[in-house]
Amino acid sequence: MCGSKGVTRLLTVLLTIIFLSALSLKAETLQILTYEESPFALKVGKTHKGLLVDMLKELFSRTDLQYELKFIPLKRAIITTERMPGHCVLPVGRSQEREASFHWISPVLVSRYGLYSRDDVIIPLTTLSDAKPYKIGSFLGSGIGEYLTDLGFNVELASVSAQNLRKLKRARIELWAAELISAREQMLKQAMNFGEPELIFYTSLRAMACNREMSLEVKLKLDKALTSMYRDGYMSELYLEYGVEI
Amino acid sequence: MLFLFLVFTSFAVTAELDPKSNAAEHWVHNEFQPSTLTLDEQMQEMAWFTSASQPFVGMKIRVVSERIATHWYEASTLAKAFYEITGIHVVHELTGEDDVIKKLSAQIMTRQNLYDAYINDSDLIGTHFRSNAVVSLSDFMQLEGESVTLPTLDLQDFIGLKFTTGPDGHLYQLPDQQFANLYWYRHDWFNRKDFQKRFRSRYGYELGVPQNWQAYEDIAEFFSEDIKEIDGKRIYGHMDYAKTDPSLGWRMSDAWLSMAGVGDKGLPNGLPVDEWGIRVEGCHPAGASVERGGALNGPAAVYAVDKFIYWLNRFAPEESIHLNFTQAGEWPGKGLIAQQIFWYTAFVADLTKPDLPVVNQDGTPKWRVAPSPVGKYWQAGMKSGYQDAGSWTLLKSTPLKRQQAAWLYAQFVVSKTVSLRKTLVGLTPIRRSDIDSEVMTQRAPHLGGLVEFYRSRGRDVWTPTGTNVPDYPGLANYWWQYISQIIEGKVTTQNGMDNFAAAVDEHLALIADNNGISCEPKLNPKSTREFWLEKTGAPKQQITEQAKGRTLQYEEAINVWK
């Protein structure tokens, strides 16, 4: 019986160690929050796909860190990340207003923005100022729409980005301001082809924002892995798979 | 046959150049006036651009800068002119200065060619010369860039070259625009006899341009708490901003501590201690904390931060604590502010617009700029304030052909053909020849003292961040994060600055270990505060006595610059 008691005690200790290890592993699993934005991140049934999904998989494979990817609306994702340790959200614009609230891993996304005209109309644009006389389509909440509005351009905001293709086709706007990768995706989806943009006028770097309690050690691991992905050409190849150059 | 081929080729090239030559003539006559060059000289300079750019015709290059009037002019007008004269298409992107730094850092980190050139503040010179990521323009102009370097560039005509040269003697950046941080005040209010009498009877000296922080404080108190209202409107003796935001960091890091007298003597930056309280030994940063020979948490730095908070809370508009740099910039134009100790001349163009309450009917301003007052630790021979020198920067990770095309555009927008016109648009001068021109003499009465400043030695003693800051992008965030904790009352000023200095020391140690940079940090061992405070120079012992306020009349005050 003594022996039996010993085995039981040993089993209990082992189970406790396994349980604590699992808990510890769970504690080290970063919760990565994102939102549906094709073709960067989208849910297809129970799987996730997109440029950012591929990028995250590669990023964490170059570290010993674990992660879980969840889709929730951007605003909620930002608030959750700000309040809850162990959470990160991407892609997020790294603005001065947000700088103080997070630790930043960047750039996770290099976005170029262009101005598209109808396929049967050429609007020669040497500089962005040449677009001043034209009505430019963007959508509510779009950073590039705000950028152009602040610079005094005539911007018309649709409620969602996809509406701009129909507006451009029907000449309700003369130029459409869009991010190159998502513009390509939307043109494919709606079977409209406006060709190449008249002018690629802005580059934005988007980042992964993490809760401020993230340890310096974890941040440095992610920074190092991300840097290596750019330097060894992984990121350039990934962008080419989605039809654009960085 | 060869002869015929050469004749044909020559004819084809000439035919191709003609539209560009016509374009040059159009732009020279219709836009690039006035100029310090004659029309012929301007046309010769443009012909060089047309010819030198031949190998690059049809290229599209991408450059980025912060969003001020000068760069808007470049992005919208000069980029178009350059395209028509050279055939090189430039997308000149405008964004926030913070974003410019992040993009430049991202290109260095990722080695992706995000942009072909950056107009980046010379505050990063300490980072650039150490990084091995930035092209030495001195070498470039003699080697790979020789064929695309403008013979009439006239480097010695640039007033800001000292700010963009590393301790190794190499030029890393070419100045594109400059603006200074000067004292700004309501000249019309200061000249009112009734105010002068009241001030004299209360403080015992004349109301005038303050020469030290005590006088600034007395004048702030006088307008905020004695005068209080002018024409029925609440007015304020001081303006500032303190929102928890990166621009709070610039407020302090742009020489606020230097003006208080935290550093040592030396121009453009004090040695061995100046910018950000960082000590250098040789070219190696040796520490920011007093314990390692720095001055970031020394008595002078604590005095500087304490005064910032005291003036903000007592004399500035109630809203100011919630404002950032851009939002606060609009306030002096409202006609409610009597003075601002540290005001960016980038706002001169905005504050000379007709119909503003601070502009007279004849277009002359009711305000003036003058040398900022200095704190009680400041001594003659130290820098007197901050000057921003936005400067062209090429990165080694940009392919050579793209560097060369971008270098052509960079030289075009600072060329003598263009620069006087650009100076009149944005009021951010870079060339001595423009500043000394007759045109600027005629404009001077409309610019509130700006021309007088740039014609004086003031342009040499108002200086950007120096070479002792080895990682500007990495360290810049510390400023607003640690200062905001003090402003919010979470820690005392001394404790907050102790934490700040310790964090900077830690960062210096980290970059020394992690990067193969030249002139890397070599931290001094920790000693007692007394060990360093008892030595001469910075860090300086506490000065307990109260200085008496000193003022000068405007004409005398700006004589200091001569």
Side-chain angles (χ1 to χ4, degrees), chain A residues 93-115 124-132 143-144 147-148 150-153 197-207 212 216 220 223-224 226-236 239 245-246, chain B residues 60 62-64 67 72-84 87-115 243-250 324-326 397 476-477 480-481 484-485 503 506-507 510 514:
Chain A
R94 190 175 173 179
S95 63
Q96 283 191 25
E97 291 71 26
R98 287 177 180 153
E99 184 71 31
S101 309
F102 302 98
H103 279 315
W104 297 91
I105 313 297
S106 76
V108 294
L109 195 60
V110 178
S111 298
R112 305 261 196 210
Y113 292 84
L115 289 170
L125 301 175
T126 307
T127 70
L128 183 58
S129 303
D130 292 335
K132 270 269 161 82
I144 207 65
Y147 175 79
L148 291 168
D150 286 351
L151 288 177
F153 287 85
E198 299 283 2
L199 181 73
I200 298 170
F201 67 97
Y202 189 78
T203 301
S204 118
L205 305 181
R206 287 195 277 175
R212 282 198 59 85
L216 183 63
L220 289 176
D223 282 340
K224 194 175 165 190
L226 185 63
T227 302
S228 71
M229 285 162 63
Y230 280 103
R231 291 190 177 180
D232 67 15
Y234 173 86
M235 291 298 266
S236 301
Y239 274 72
E245 289 180 19
I246 288 182
Chain B
K60 282 192 178 182
R62 213 173 288 286
V63 304
V64 63
R67 200 174 139 179
W72 176 250
Y73 179 66
E74 290 167 343
S76 55
T77 304
L78 298 182
K80 195 178 183 70
F82 183 71
Y83 173 64
E84 292 179 7
I88 301 171
H89 190 177
V90 181
V91 176
H92 185 147
E93 183 186 310
L94 304 181
T95 189
E97 172 57 15
D98 194 48
D99 196 39
V100 175
I101 294 174
K102 291 210 164 62
K103 285 172 169 167
L104 182 133
S105 302
Q107 177 159 341
I108 292 172
M109 186 270 275
T110 65
R111 296 183 189 157
Q112 302 291 314
N113 189 44
L114 300 174
Y115 295 90
K243 184 178 176 179
T244 300
D245 171 285
S247 66
L248 171 63
W250 306 332
N324 65 21
F325 164 75
T326 313
S397 50
N477 276 342
W480 59 271
Q481 297 193 11
S484 71
Q485 287 182 8
E506 207 173 301
H507 189 99
L510 198 68
N514 286 346

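To find a chain, count down the sequence lines: A is the first, B the second, and so on, and within it residues start at 1.
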Proximity breakdown for A:S106 and chain B, heavy-atom pairs closer than 4.5 Å
backbone
Below 4.5 Å, heavy atoms only, C-beta onward: do B:K60 and A:I200 meet side chain to side chain?
no
Close side-chain approach of B:E93 and A:L128, heavy atoms under 4.5 Å
no
I'd like to check B:K103 versus A:V110 (side-chain heavy atoms, cut-off strictly below 4.5 Å). Are they in contact?
no
Identify which part of B:A79 has an atom lying under 4.5 Å from any heavy atom of chain A, answering side chain, backbone, both or neither.
both
Between the CZ atom in B:R111 and the CG atom in A:D232, the distance rounded to the nearest 0.5 Å is 11.0 Å
Quick test of your reading of the model: are B:K102 and A:E99 salt-bridged, counting only N-O distances below 4.0 Å?
yes
Inter-residue atom distance B:D99.CG - A:T203.OG1, 0.5 Å rounding
9.5 Å
Quick one: OH on B:Y83 to OG1 on A:T127, what's the gap to the nearest 0.5 Å?
11.5 Å
Reported CG-to-CD1 distance for the pair B:N113 and A:I246, which is rounded to 0.5 angstrom
11.0 Å
Name the member of B:T77, B:L114, B:T244 that forms the most heavy-atom pairs with chain A at distances under 4.5 Å.
B:L114
Please answer whether the main-chain N or O of A:Y230 pairs with a side-chain N or O of B:Q112 as donor and acceptor at a distance below 3.5 Å.
yes
Could you walk me through whether B:T95 and A:Y202 pass the side chain to side chain contact (heavy atoms under 4.5 Å, CB included) test, one step at a time?
CA-CA 9 Å; B:T95 189; A:Y202 189 78; 3.4 Å; yes
Under 4.5 Å heavy-atom distance to chain A, tell me which part of B:V90 shows up: side chain, backbone, both or neither.
backbone
Heavy-atom closest pair (A:R231 atom, B:I108 atom, distance to 0.1 Å) is NH2-O, 3.5 Å
Heavy-atom pairs under 4.5 Å with chain B, option from A:D223, A:L226, A:L151 with the top count:
A:L151
Determine, for B:K80 against A:D130, whether the closest basic-nitrogen to carboxylate-oxygen distance falls under 4.0 angstrom.
yes
Any A:T126 side-chain heavy atom under 4.5 Å of B:F82 side chain:
no
Tell me whether the count of non-hydrogen atoms from other residues, nucleotides or ligands lying under 6.0 Å of NZ in A:K224 goes above 12.
no
Side chain, backbone, both or neither: which part of A:R112 has a non-hydrogen atom closer than 4.5 Å to chain B?
side chain
Rounded to the nearest 0.5 Å, what separates atom OH in A:Y147 from atom CG in B:L94?
5.0 Å
Quick one: are A:T227 and B:T110 in side-chain contact, heavy atoms under 4.5 Å?
no
